[in-house]
Amino acid sequence: MPEHKKLRVAVIGCGMIHVEHMQGYAELKDKVEIVAAVDRKRECLEAVRDKWGLPENALFADWDTMLAEVRPDAVDLCLPNYEHFPAAMDAIAAGCHVYCEKPLGMNAAECEKMIAAAKAKNLKLAVGFQQEYCPSTEVLVNARNAGFFGELRSVHGSLLRRRGTPNWGTYYSRELGGGPVLDILVHLLDVITHVCGRPEPARLSASYFYGEGKNPCDVFCSAPDWNSRDYNVEDLAVAQITFRNGLVVQLETSYINHIREDCVYDFKLSGAKGGAWWRNGKAPELYADRFGAMMNITPAYLPSLGRPDMFRRKLDNWVTACLTGSELMLPGEIGLYIQRMLDAIALSAKENREIIL
């Protein structure tokens, strides 16, 4: 494509997450033109019109009509999890590149179909993780590549909320793609495996715990009014994954957990020669023996660790790939890699057995 061409993007889904996408596109205005917005709720479309200046004829209640009338180059899916697959498949059939917020699909089978459809039309399909674009994550990847950790041995990761069940959207419903495993553990598993070099999983075991989410909230908290009546997702999930290179990863995730902090989002990595502590939004710590002493190593300076920068960078990677044919950092195959483990976690918890991958 000519260097001056802008990517004509339609945003499908105008709930909370679309705001961060639109802010990212505002910083990429030399590369991107937002040509349409889609949402079933008229008030969401009006908010997009008023905040971002889209004309009335760029607002649509369904994506099929939008795809036929606007014919965008690409679509950005900011939809509930259960709608990722049908929207992506329709967009790909219409000849559009696709950016899909995590998780890529509801299961590995959906992910495989999306990837195959995009490949058949030579279209870019990206999955919406962002911690790869965080400087603290890059530091740990650089340390691994330099041999700082030596043989990777174990990781313990947590993404826990004290009283953080979303009181919006479909997070209360397993059938609609809700629950902490699909919603937030997906991010933790992505960043851990990225830092560790995407090793191949060998076997996995997991347990789910239920009950508290079905009870109406009776304590002071910031989000007390979730849909406890229809709540059927896990309160807490714990899992252990053994990879073919010997690495063992232990994970825990919850919307409702009795912990000191409002949220814990971190992992601790142990290797034969060194270790590290990664924390969301904070600089990493690295540990090793140096100069006859045990050393704690921290960066003296890092660029911004905030979500706006990560969102801008991840969208820029996708937009540039669509315009120039360059490689995606997070193609659909990464979404499939993660989804296969998420599927195995759910199956292991349901059947109370170890899953061989």
Side-chain angles (χ1 to χ4, degrees), residues 1-13 17-18 20-38 52 54 58 63 66-67 70-79 84 87-105 111-135 137-138 141-142 145 190-191 194 197-198 303-304 306-338:
M1 294 182 178
E3 290 186 5
H4 64 272
K5 178 179 173 61
K6 290 186 179 183
L7 189 71
R8 299 174 64 254
V9 174
V11 176
I12 303 181
I17 195 66
H18 100 281
E20 292 178 286
H21 287 240
M22 293 296 283
Q23 289 169 341
Y25 290 130
E27 297 187 43
L28 301 172
K29 58 186 177 183
D30 291 340
K31 297 181 180 181
V32 174
E33 178 187 1
I34 303 300
V35 295
V38 179
W52 303 107
L54 265 68
W63 65 70
M66 182 278 294
L67 290 170
V70 178
R71 303 182 65 83
D73 301 323
V75 300
D76 181 347
L77 305 183
C78 299
L79 292 162
H84 288 181
M89 293 299 285
D90 287 347
I92 291 168
C96 298
H97 303 288
V98 173
Y99 185 95
C100 182
E101 265 299 334
K102 59 75 197 169
L104 188 62
C111 297
E112 289 169 348
K113 291 175 183 177
M114 292 162 69
I115 292 166
K119 281 189 173 180
K121 291 204 167 190
N122 195 30
L123 296 168
K124 297 291 186 180
L125 171 64
V127 62
F129 299 122
Q130 63 256 6
Q131 293 294 351
E132 285 81 354
Y133 299 96
C134 180
T137 305
E138 293 180 39
V141 171
N142 293 340
N145 290 338
D190 168 63
V191 67
H194 175 64
R198 306 291 189 195
S304 170
R307 282 172 63 97
D309 296 281
M310 291 189 286
F311 269 69
R312 174 185 51 77
R313 292 182 66 193
K314 71 177 184 177
L315 292 170
D316 191 17
N317 177 261
W318 174 65
V319 168
T320 300
C322 294
L323 288 172
T324 69
S326 59
E327 293 299 314
L328 290 166
M329 176 176 277
L330 291 165
E333 286 80 0
I334 298 299
L336 174 60
Y337 167 83
I338 298 297

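FYI, the numbering just counts along the sequence from 1. Since the model is a prediction, treat every value here as computed from it, not as a measurement.
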Set of residues satisfying salt bridge (Lys or Arg N to Asp or Glu O under 4.0 Å) with respect to Arg8, sequence neighbours excluded: none
Distance (rounded to the nearest 0.5 Å) between Asp73 CG and Cys96 SG: 7.5 Å
Value rounded to 0.5 Å, distance of OG in Ser326 from CG in Asn317: 6.5 Å
Donor-acceptor pairs under 3.5 Å, side chain of residues 115-122 to any protein atom, not counting sequence neighbours: which ones?
from   : atom 1 : to     : atom 2 : distance (Å)
Lys119 : NZ     : Glu333 : OE2    : 3.3
Lys121 : NZ     : Ala93  : O      : 2.8

Rounded distance [0.5 Å steps], CG in Asp190 versus NZ in Lys102: 11.0 Å
Pairs touching residues 321-331 that satisfy salt bridge (Lys or Arg N to Asp or Glu O under 4.0 Å), sequence neighbours left out: none
Over all atoms of both residues, closest heavy-atom pair of Val191 and Gln131: CG2-CB, 3.7 Å
Working for side chain to side chain contact (heavy atoms under 4.5 Å, CB included), residues Leu330 and Lys314: CA-CA 9 Å; Leu330 291 165; Lys314 71 177 184 177; 5.7 Å; no
Distance under 6.0 Å and angle within 45° of ring axis: Lys29 vs Tyr25: no
CZ/Arg71: more than 12 non-hydrogen atoms of other groups inside 6.0 Å: no
Contact summary for Ile92 and Leu123, nearest pair of heavy atoms: O-CD1, 3.7 Å
Note, Met66 side chain near Pro72 side chain (heavy atom, < 4.5 Å): yes
Min side-chain heavy-atom separation Val75-Leu67 under 4.5 Å: yes
Straight-line distance of Thr320 OG1 to Lys124 NZ, nearest 0.5 Å: 11.0 Å
Approximate separation, where rounding is to 0.5 Å, of Asn145 CG and Glu138 CD: 11.5 Å
N/O donor-acceptor pair under 3.5 Å between His84 side chain and Cys100 backbone: no
Phe129 and His194 aromatic centres sub-6.0 Å: no
